[in-house]
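Because only heavy atoms are used, hydrogens play no part in the values below, and waters and symmetry mates are left out as well, while side chains stay in.
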Amino acid sequence: MALTGRTALLAALGSLPVGILAPSWTGMLAVNAPLSLAILCDYALAAPVRTLRFTRSGDTTVRLGDAAEVQLTVTNTSRRRLRAQLRDAWPPSSWSSGTERRASRHTLTIPAGEQRRLVTVLRPTRRGDRQAERITVRSYGPLGLAARQGQHRAPWTVRVLPPFTSRKHLPSRLARLRELDGRTSVLTRGEGTEFDSLRAYVPGDDTRSIDWRATARQSAVAVRTWRPERDRHILIVLDTGRTSAGRVGDVPRLDASMDATLLLTALAMRAGDRVSLLAYDRQVRARVQGRTASGNVLGTVINTLATLEPELIETDARGLSNAALTDAPRGSLIVLLTTLEAAPIEEGLLPVLPQLTQRHTVLVAAVSDPRIEEMANARGTVDSVYDAAAAGQAQADRRRTADRLRRHGVVVVDTTPDNLAPALADTYLALKAAGRL
């Protein structure tokens with residue numbers, strides 16, 4: 001039996017004359033018979049908690065930053081009116097502030113045999129699965145002097161998906177894709193294998209595109225135009241090792257890589273290419289097999305990335321390379337989202353690069369820290385000069401690492417978290433325009 005604040009106040013007031021003889025609540029109630037009887041009667045009239053029934057409904061998925069509503073239906077199966085306070089507990093990361101967390105507390109009155117529906121609004125602050133915890137109910141008697149308390153469980157899971165903030169860049173990239181596909185009057189030049197038409201040579205055209213037979217039949221030099229190929233295979237590899245856990249700005253590197261993955265996946269689907277996903281550090285953490293454009297690959301990728309977290313271990317580059325070679329058919333585009341730190345690249349990736357570049361086009365995308373650029377431009381104090389020197393050294397190291405990758409035939413994208421997704425999409429479109437896919 002739980003005593004309320006009202007009970008405590010009445011007990012204290014009623015037992016002041018004998019407070020010395022009865023210092024505890026039990027003693028106070030023992031010398032105050034009328035109050036004790038009222039409390040016992042109030043407790044007896046409180047609706048039982050054990051017989052309550054709970055069912056849930058509502059949202060099962062929500063994007064990070066958006067709100068989800070979960071309904072909890074409470075059924076009072078007893079013969080007494082339920083007057084209660086209820087707490088619908090969820091993990092702390094289910095809300096962004098203490099004010100929103102207090103919204104999980106409800107006051108309700110349910111007549112015998114009836115039910116009420118309560119709504120708890122979640123606004124998660126992290127990706128992953130949020131599971132409902134215990135439901136705590138405190139049932140009060142008619143006088144509010146005593147209460148019964150108990151706990152129940154009503155399982156429910158809300159999956160928090162990546163926010164996909166880069167989707168705002170998708171319309172402009174789709175417009176460029178339509179140009180490459182010949183859906184507008186703009187013809188693209190490149191080394192694709194789907195022949196489109198002949199046109200007159202203009203300075204700057206690739207001489208390998210000259211059609212010598214057609215040129216011999218007319219007075220002007222003719223060149224072939226091409227349409228980018230469709231149904232190519234794109235394998236996106238996420239490095240989930242320790243370097244992906246580092247925060248750049250307000251987000252981990254892995255989250256910025258996920259956002260770029262989603263934009264590239266959406267764009268490649270529209271281009272008719274097949275997209276696969278591989279997340280790896282020392283073992284496969286997630287895998288989505290290649291599908292055609294008709295499949296809901298974007299939804300599958302989003303759902304897969306929702307629960308993916310970085311691992312605080314060093315990535316096994318050789319194992320990553322073997323897994324990529326297993327998943328990617330010959331002639332694929334392998335997009336590796338990783339770091340450009342010198343040690344992991346030189347000791348891990350460079351020794352296995354020839355195996356990848358021999359069979360595939362390889363693109364390495366990395367997140368740079370905008371704070372480094374700010375430090376490099378800082379002047380005015382002795383500390384800022386030292387910071388600028390350190391930042392300049394870090395930038396030089398990244399450039400040297402990127403140059404070493406390029407000498408192995410790797411395409412490198414190195415930019416800030418906000419620019420990574422559009423820069424990666426632009427590079428993909430440039431590769432299609434150049435006929436390298």
Are any side-chain N or O atoms of [X] and backbone N or O atoms of [Y], one a donor and one an acceptor, separated by less than 3.5 Å?
X: Trp95; Y: Val121; value: yes
X: Asp59; Y: Glu69; value: yes
X: Ser93; Y: Thr125; value: no
X: Asp273; Y: Arg232; value: yes
X: Ser94; Y: Trp90; value: no
X: Thr361; Y: Thr357; value: no
X: Asp211; Y: Ala222; value: no
X: Ser244; Y: Leu254; value: no
X: His106; Y: Leu86; value: no

Close side-chain approach of [X] and [Y], heavy atoms under 4.5 Å:
X: Arg285; Y: Glu309; result: no
X: Leu52; Y: Leu82; result: yes
X: Leu118; Y: Val74; result: yes
X: Trp156; Y: Thr60; result: yes
X: Leu278; Y: Val288; result: no
X: Gln151; Y: Ile135; result: no
X: His233; Y: Leu333; result: no
X: Val158; Y: Val70; result: yes

Take a 6.0 Å sphere around [atom1] of [X] and say whether it holds more than 12 heavy atoms from other residues, nucleotides or ligands.
X: Glu374; atom1: CD; value: yes
X: Arg117; atom1: CZ; value: no
X: Gln71; atom1: CD; value: yes
X: Arg105; atom1: CZ; value: no
X: Arg379; atom1: CZ; value: yes

Pairwise distance [atom1]([X]) to [atom2]([Y]) - rounded to 0.5 angstrom:
X: Leu161; Y: Thr307; atom1: CG; atom2: OG1; result: 10.0 Å
X: Arg63; Y: Thr61; atom1: CZ; atom2: OG1; result: 9.0 Å
X: Ser139; Y: Arg81; atom1: OG; atom2: CZ; result: 12.0 Å
X: Ser96; Y: Arg126; atom1: OG; atom2: CZ; result: 14.5 Å
X: Thr338; Y: Glu341; atom1: OG1; atom2: CD; result: 8.5 Å
X: Thr136; Y: Gln149; atom1: OG1; atom2: CD; result: 6.5 Å

Minimum heavy-atom distance [X]-[Y], with the two atoms named:
X: Ala376; Y: Ala391; result: N-CB, 3.5 Å
X: Ala256; Y: Pro417; result: CB-CB, 4.1 Å
X: Val367; Y: Ser257; result: CG2-OG, 4.4 Å
X: Arg398; Y: Ala366; result: NH2-CB, 3.9 Å
X: Tyr140; Y: Ala147; result: CD2-CB, 3.7 Å
X: Arg50; Y: His152; result: O-CE1, 3.5 Å

Would you tell me whether [X] and [Y] have side-chain atoms, one donor and one acceptor, within less than 3.5 Å of each other?
X: Asn322; Y: Tyr280; answer: no
X: Ser384; Y: Asp387; answer: no
X: Asp418; Y: Thr416; answer: no

In terms of side-chain geometry, is the basic nitrogen of [X] or [Y] positioned less than 4.0 Å from the acidic oxygen of its partner?
X: Asp66; Y: Arg123; result: no
X: Arg159; Y: Asp129; result: yes
X: Arg56; Y: Asp88; result: yes
X: Arg242; Y: Glu311; result: no
X: Asp255; Y: Arg127; result: yes
X: Arg176; Y: Glu179; result: no
X: Arg400; Y: Asp403; result: no

Checking side-chain contact (heavy atoms from CB on, under 4.5 Å) between Leu349 and each of Thr401, Thr339, Leu405, Asp239, which is the one that passes?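 Filter result, single survivor: Leu405.
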Looking at Asp426, Leu263, Asn419, Leu267, which one forms a side-chain contact (heavy atoms from CB on, under 4.5 Å) with His169?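 By the side-chain contact (heavy atoms from CB on, under 4.5 Å) criterion, His169 pairs with just one of Asp426, Leu263, Asn419, Leu267: Leu263.
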Geometric cation-pi criterion Arg148 and Tyr43, 6.0 Å radius, 45° cone: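 Positive - Arg148 is close enough to the ring of Tyr43 and near enough to its axis.
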Report the C-alpha separation of Ser276 and Asp327 in whole Å, then their side-chain angles, then the decisive distance to 0.1 Å, and conclude whether the side chain to side chain contact (heavy atoms under 4.5 Å, CB included) test is met. CA-CA 8 Å; Ser276 294; Asp327 285 9; 5.7 Å; no
Evaluate side chain to side chain contact (heavy atoms under 4.5 Å, CB included) for Leu305 paired with Leu262, printing each intermediate quantity in order. CA-CA 9 Å; Leu305 294 180; Leu262 296 179; 3.9 Å; yes
I'd like to know whether Asp281 forms a side chain to side chain donor-acceptor pair (under 3.5 Å) with Thr315, so could you lay out the CA-CA distance, the side-chain angles of the two residues, the decisive distance to 0.1 Å, and finally the verdict. CA-CA 4 Å; Asp281 40 70; Thr315 299; over 6 Å; no
As a test of understanding, state which of Glu114, Arg116, Gln115 forms a side chain to side chain donor-acceptor pair (under 3.5 Å) with Thr75.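 Exactly one candidate clears the test, Gln115.
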Derivation and outcome, side chain to side chain contact (heavy atoms under 4.5 Å, CB included), residues Ile234 and Tyr428: CA-CA 10 Å; Ile234 316 296; Tyr428 165 76; 3.9 Å; yes
When you look at Leu363 and Ile334, which way does the side chain to side chain contact (heavy atoms under 4.5 Å, CB included) test go after all the steps? CA-CA 6 Å; Leu363 190 160; Ile334 297 180; over 6 Å; no
